[in-house]
Amino acid sequence: METQVWRDLLDPYDLAVKELTAKFEHLRYEYKSRGIYCPIEQVTGRVKTVSSILDKMQKKNIEFSEIEERLEDIVGVRIICQFVEDIPKVVHMIHERKDMQVHHEKDYIAHMKTSGYRSYHVIVGYDVQTMSGPKTIQAEIQIRTMGMNFWSTIEHSLQYKYKHNIPDHLKEKLLKAADAIVVLDNEMSSVRDEIMDAQNSMQIQANLISEILNNIQNLYRLANQREIRKIQEEFYQVYQENDLEKLERFHKQLDIIAEGYRAQNVDFGCGEVT
Ligand code: 0O2
């Protein structure tokens, strides 16, 4: 098969991977910037390699003309979650979206594969706009915890090394490791609230600090140097105390100061402070 033929076939899939990963990344950004816990921890994506497509065509007796219909995972998007409880939330998010249509789902968490593989797959239809017009393509979204991902990455490498004939003693170890991941995921779920609380506070603190620094930077254009130095010293003091409430109070006070300068600035007709 000519390289150009593959390129023409796979180009829209490449676009779909880029768009889908950007959309899920952006969702994560929206949650984080609002200080809300996000069930999506990490997003990756890939277009299946030509050699992997050829392997699957051979394994499943698929003709070239049937690739797009019968290969569901040419576009693979992987969403990693911290907790098992996050997985149905992500699945729900996908169902609610208007830009992807759920075709079907594979629940390898409720029904672990004999290899020990656990993951939740959602196969969707997704529209891309190409040079020759719109095109609906299939994409497989794999949703799994960090633990499940760790297991699957290791097992995938071993499958590659042993050309899908992993020796029995290794298979046994992998099954034991898969059971250990189930226990790990359950243990993590049992302390989920505490972990989420800690992470939320960290995110709120990071957002506050970034807003405070932004405000101080804006004041540089308006306030005198002595006042800014004073504000900065106060900020470092509050920051070192590591007390979220004090940081919030400082943020509010700084907002009032910035508002005062903003008003003065408008009075003098110098334009808005951003
Ligand atoms: P790659 O290299 O990731 O592209 P079927 O034979 O019908 O059961 P099908 O159609 O391949 O399988 O669908 P399935 O089982 O949902 O697998 C789709 C993808 O899920 C695989 O793609 C893997 O990425 C992942 N997967 C499924 N089973 C396993 C497993 O036992 N171990 C690991 N590590 N991953 C698995 P590919 O094409 O196999 O591989």
Side-chain angles (χ1 to χ4, degrees), residues 1 6-7 9-18 20-21 24 40-81 84 87-88 90-91 94-95 100-126 137-182 184-185:
M1 189 74 60
W6 281 110
R7 208 169 286 146
L9 174 82
L10 296 178
D11 268 354
Y13 289 81
D14 186 51
L15 175 60
V17 169
K18 286 182 183 138
L20 285 166
T21 48
F24 286 114
I40 297 172
E41 178 60 21
Q42 199 196 336
V43 185
T44 58
R46 61 101 184 98
V47 175
K48 206 172 182 66
T49 59
V50 172
S51 74
S52 182
I53 294 177
L54 289 170
D55 281 352
K56 217 162 190 172
M57 283 169 73
Q58 201 176 16
K59 188 176 137 204
K60 297 195 161 191
N61 211 8
I62 297 173
E63 296 290 326
F64 185 79
S65 58
E66 301 172 306
I67 292 179
E68 296 196 80
E69 193 200 333
R70 293 189 53 197
L71 283 190
E72 296 170 338
D73 65 337
I74 298 180
V75 168
V77 173
R78 191 165 291 160
I79 297 181
I80 311 295
C81 306
V84 182
I87 295 173
V90 176
V91 175
I94 295 170
H95 274 271
M100 35 194 105
Q101 294 75 45
V102 175
H103 289 172
H104 59 276
E105 293 165 48
K106 296 178 181 176
D107 186 354
Y108 297 130
I109 296 175
H111 309 282
M112 178 163 98
K113 279 196 154 187
T114 48
S115 59
Y117 178 74
R118 284 161 72 235
S119 190
Y120 197 100
H121 296 185
V122 183
I123 291 81
V124 298
Y126 182 74
I137 58 177
Q138 298 196 86
E140 181 181 78
I141 307 175
Q142 301 183 340
I143 309 148
R144 51 172 80 148
T145 62
M146 291 167 164
M148 294 173 196
N149 193 48
F150 173 52
W151 184 94
S152 137
T153 307
I154 302 287
E155 198 258 5
H156 193 271
S157 317
L158 290 173
Q159 291 282 10
Y160 181 77
K161 178 175 175 188
Y162 292 102
K163 301 191 172 54
H164 297 280
N165 279 312
I166 299 182
D168 285 347
H169 74 280
L170 272 183
K171 274 190 192 163
E172 227 171 90
K173 280 191 193 293
L174 283 168
L175 280 175
K176 276 195 187 144
D179 288 342
I181 299 286
V182 175
L184 174 74
D185 276 338

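Atoms considered below: every heavy atom in the structure, side chains included; atoms not considered: hydrogens, waters and symmetry mates. Ligands are counted one by one from 1 in listed order, and the atoms in each one are counted from 1 as well.
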Identify the protein heavy atom lying closest to [atom], giving its residue, its atom name and the separation to 0.1 Å.
| atom | value |
| --- | --- |
| atom 26 (N) of ligand 1 | Tyr117 CZ, 3.5 Å |
| atom 8 (O) of ligand 1 | Lys113 NZ, 3.8 Å |
| atom 2 (O) of ligand 1 | His156 NE2, 2.9 Å |
| atom 11 (O) of ligand 1 | Lys56 NZ, 2.5 Å |

May I ask you to decide if [Y]'s main-chain N or O and [X]'s side chain share a donor-acceptor pair within less than 3.5 Å?
| X | Y | value |
| --- | --- | --- |
| Arg78 | Asn149 | no |
| Gln138 | Glu69 | yes |
| Trp151 | Leu174 | yes |

Original post:
What do we get for Asp73 next to ligand 1 when only non-hydrogen atoms under 4.0 Å count, side chain, backbone, both or neither?
Top reply: side chain
Subject >> Which segment of His164 sits under 4.0 Å of ligand 1 when only heavy atoms are counted >> reply: neither
Sub-4.5 Å side-chain heavy-atom contact between [X] and [Y]:
| X | Y | answer |
| --- | --- | --- |
| Asp73 | His121 | no |
| Ile74 | Ile137 | no |
| Ile53 | Trp6 | yes |

Original post:
At the 4.0 Å heavy-atom cut-off, does Glu140 count as touching ligand 1?
Top reply: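 A heavy atom of Glu140 does come that close to ligand 1.
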Subject >> Sub-4.0 Å heavy-atom approach of Gln142 to ligand 1 >> reply: yes
Original post:
Just by distance, with hydrogens left out, do His103 and Glu72 show a side-chain donor and acceptor under 3.5 Å apart?
Top reply: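 No, no side-chain donor-acceptor pair sits under 3.5 Å.
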Original post:
Can Glu68 and Tyr13 be counted as having a side-chain donor-acceptor contact under 3.5 angstrom?
Top reply: yes
Would you say [X] has any N or O atom under 3.5 Å from an N or O of ligand 1, going by distance alone?
| X | answer |
| --- | --- |
| Arg78 | no |
| Glu155 | yes |
| His121 | yes |

Atoms of ligand 1 close to [X] [distance to a heavy atom under 4.0 angstrom, numbered from 1]:
| X | result |
| --- | --- |
| Lys106 | 10 (O), 13 (O), 14 (P), 16 (O) |
| Lys60 | 5 (P), 6 (O), 7 (O), 9 (P), 10 (O), 12 (O) |
| Ser115 | 30 (C), 31 (O) |
| Tyr108 | 14 (P), 15 (O), 16 (O) |
| Lys48 | 1 (P), 4 (O), 37 (P), 38 (O), 40 (O) |

Subject >> Minimum heavy-atom distance between Ala16 and Val75, given as atom pair plus value >> reply: CB-CG2, 4.0 Å
Original post:
What closest approach, in Å, do Ile143 and Ile94 show between heavy atoms, and which atom pair accounts for it?
Top reply: CD1-CD1, 3.9 Å
